[in-house]
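Structure first, then comments.
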There are 2 protein chains.
Amino acid sequence: MKATRNTAAKTAVLEVFEKSKTALSHTEIHKQLNDLCDRVTIYRILDRLINEDVIHKISNLDGTVKYAKCNHAHQRVHIHNHAHFSCENCHEITCLENVKPSYIMPHNYKVNEINFTLSGLCPNCLNSNI
Amino acid sequence: MKATRNTAAKTAVLEVFEKSKTALSHTEIHKQLNDLCDRVTIYRILDRLINEDVIHKISNLDGTVKYAKCNHAHQRVHIHNHAHFSCENCHEITCLENVKPSYIMPHNYKVNEINFTLSGLCPNCLNSNI
DNA sequence: TTATCAATTGCAACATTGTTGCGTTTAATT
DNA sequence: AATTAAACGCAACAATGTTGCAATTGATAA
């Protein structure tokens, strides 16, 4: 495994994640960093953070991709088997750490990873719609 | 609701879906149609078919988007709550019509749609890996 | 059958998202 | 302080998806 370094850009990206309660797209991160570093650099930092298991990638029903900090609190071996909620109104994506699907697979499949995304209205938008 | 028409391009796209056992990307459809129609037209046909509930959209963990025919056999009200399997080796996506997750949501969320994708090795690739 | 008209298409142009190569800079180590 | 590989910026490119508009065409009614 290659050694990874702590650079100004990487630290800044981590701070953005720290501040955010919801998952972020590459574009959202880029805007928040305000040209502190190049667009390409952010892609590379995101790749590295995924490899380091610091963040995880979420792909939404509409094809958009977002990233969120991992919550390692209770797991040694880290599997992202929690659900995500994607609001159709405000387009925010949040992790539902406690929602875990149960399911029965046919044998002869080997499951390595699961992606469980629910979409609809989040509590905020549900309230303001009444 | 607008009236929709049966055009040569739409019919051709439907035939491609009919022949395929797995979900298809826009690019895959485009190649199979062999310049029968424009790239943009395919995007528009896919949009229409989704609105008509003839196909559904599947977005994969890696951010790729595919489409598959809906199987309406048993449902009046059509909800795509079945799972999809995405093979990490051959990148084929198949519908697992019978795999339905059960889960418990926090109240104050309104769930309209779910996207449940499992990835790993499909039966084909699992066998050839032994 | 023909006229009508909105749905559909093709084309061109553009926007967004993600990738790659390469020379330069920089963090961590000796 | 010297070393060196990781990380960076820049430029160029590829893939994917969108929009506007004029031309075409499928479905309907006359």
Side-chain angles (χ1 to χ4, degrees), chain A residues 1-17 23-68 86 88 91-93 115 117, chain B residues 1-17 23-68 86 88 91-93 115 117:
Chain A
M1 210 191 311
K2 283 204 272 185
T4 83
R5 294 178 183 176
N6 294 319
T7 63
K10 185 178 166 186
T11 308
V13 169
L14 279 175
E15 269 171 26
V16 171
F17 276 116
L24 299 166
S25 68
H26 171 274
T27 309
E28 287 164 340
I29 297 166
H30 186 48
K31 278 179 193 157
Q32 287 201 38
L33 289 186
N34 220 56
D35 284 318
L36 177 123
C37 68
D38 195 73
R39 215 168 56 84
V40 177
T41 300
I42 298 177
Y43 278 115
R44 298 200 259 230
I45 290 172
L46 291 172
D47 283 347
R48 253 179 292 150
L49 290 177
I50 288 173
N51 277 327
E52 295 170 16
D53 250 352
V54 176
I55 62 172
H56 58 281
K57 192 171 177 175
I58 308 158
S59 80
N60 201 13
L61 256 186
D62 61 13
T64 58
V65 173
K66 299 212 175 190
Y67 306 84
S86 161
E88 289 165 359
H91 297 103
E92 281 195 351
I93 294 184
N115 174 26
T117 308
Chain B
M1 212 191 308
K2 282 203 270 185
T4 83
R5 294 178 183 176
N6 293 321
T7 65
K10 185 179 167 186
T11 308
V13 169
L14 279 176
E15 271 171 25
V16 171
F17 276 116
L24 299 165
S25 67
H26 170 273
T27 309
E28 287 164 340
I29 296 166
H30 186 48
K31 278 179 192 160
Q32 287 201 38
L33 289 187
N34 220 56
D35 284 318
L36 178 123
C37 68
D38 195 73
R39 214 166 57 82
V40 177
T41 301
I42 298 177
Y43 278 115
R44 298 200 259 228
I45 290 174
L46 291 172
D47 283 348
R48 253 180 291 150
L49 290 176
I50 289 173
N51 276 327
E52 295 169 15
D53 250 352
V54 176
I55 62 173
H56 59 281
K57 191 172 178 175
I58 308 159
S59 79
N60 200 14
L61 256 186
D62 61 14
T64 58
V65 173
K66 300 213 174 189
Y67 306 85
S86 161
E88 290 166 357
H91 296 103
E92 281 194 350
I93 295 184
N115 174 25
T117 308

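Below, chains carry the letters A, B, ... as their sequence lines are ordered, and counting in each starts from 1.
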Open item on the list: How many whole angstroms separate atom CG of B:N6 from atom P of D:dT24?
Closed with: 22 Å

Task: Closest listed nucleotide, where the reference is the side chain of B:C37 and the choices are D:dT18, C:dG10, C:dG18 - done: C:dG10

Task: Separation of D:dA15 C1' from B:K31 NZ (nearest whole Å) - done: 11 Å

Open item on the list: Counting distance alone, no hydrogens or angles: does the base of C:dG18 have a donor or acceptor under 3.5 Å from a partner atom on the side chain of A:R44?
Closed with: no

- [ ] Take atom CG of A:L46 and atom P of C:dG18, then tell me their distance rounded to the nearest Å.
- [x] 9 Å

Task: Atom pair distance, as rounded to whole Å: NZ in B:K66 and C1' in D:dT16 - done: 14 Å

Task: B:R5 CZ - C:dT9 P separation (whole Å) - done: 10 Å

- [ ] Rounded off to whole Å, could you give me the CZ-to-P distance for the A:R39 and C:dT20 pair?
- [x] 14 Å

Task: side-chain contact (heavy atoms from CB on, under 4.5 Å) partner of B:C37, the single match among B:T41, B:V40, B:D35, B:N34 - done: B:T41

TODO: From the options C:dG18, D:dA11, D:dC8, select the nucleotide whose nearest atom is closest to the side chain of A:V40.
DONE: D:dA11

Task: Nearest to side-chain heavy atoms of B:R48, which nucleotide of C:dT8, C:dG10, D:dA7 - done: C:dT8

Open item on the list: Using a heavy-atom cut-off of 4.0 Å across all strands, would you classify B:L36 as base, sugar-phosphate, or nothing?
Closed with: sugar-phosphate

Open item on the list: It should be established whether B:T27 places a side-chain nitrogen or oxygen under 4.0 Å from OP1 or OP2 of nucleotide D:dT16.
Closed with: yes

Open item on the list: Between P on D:dA11 and CG on A:D38, what's the gap in Å once rounded to a whole number?
Closed with: 9 Å

- [ ] May I ask you to evaluate whether A:T7 reaches the phosphate of D:dA7, defined as a side-chain N or O under 4.0 Å from OP1 or OP2?
- [x] no

Open item on the list: To the closest 0.5 Å, what do you measure between OG1 (B:T27) and CD (B:Q32)?
Closed with: 12.0 Å

Open item on the list: Can you measure A:N51 atom CG to D:dA6 atom P for me and round it to whole angstrom units?
Closed with: 13 Å

Open item on the list: Distance check, rounded to the nearest 0.5 Å: B:E92 atom CD versus B:K66 atom NZ?
Closed with: 7.0 Å

Open item on the list: Can you tell me how far apart CG (B:L46) and NE2 (B:H56) are? Round to the nearest 0.5 Å.
Closed with: 12.5 Å

Task: Test item: B:V54 and B:R48 side chains (from C-beta on) under 4.5 Å apart, heavy atoms - done: no

Task: Nearest-nucleotide 5' precedence on DNA chain D, B:S25 against B:A8 - done: B:S25

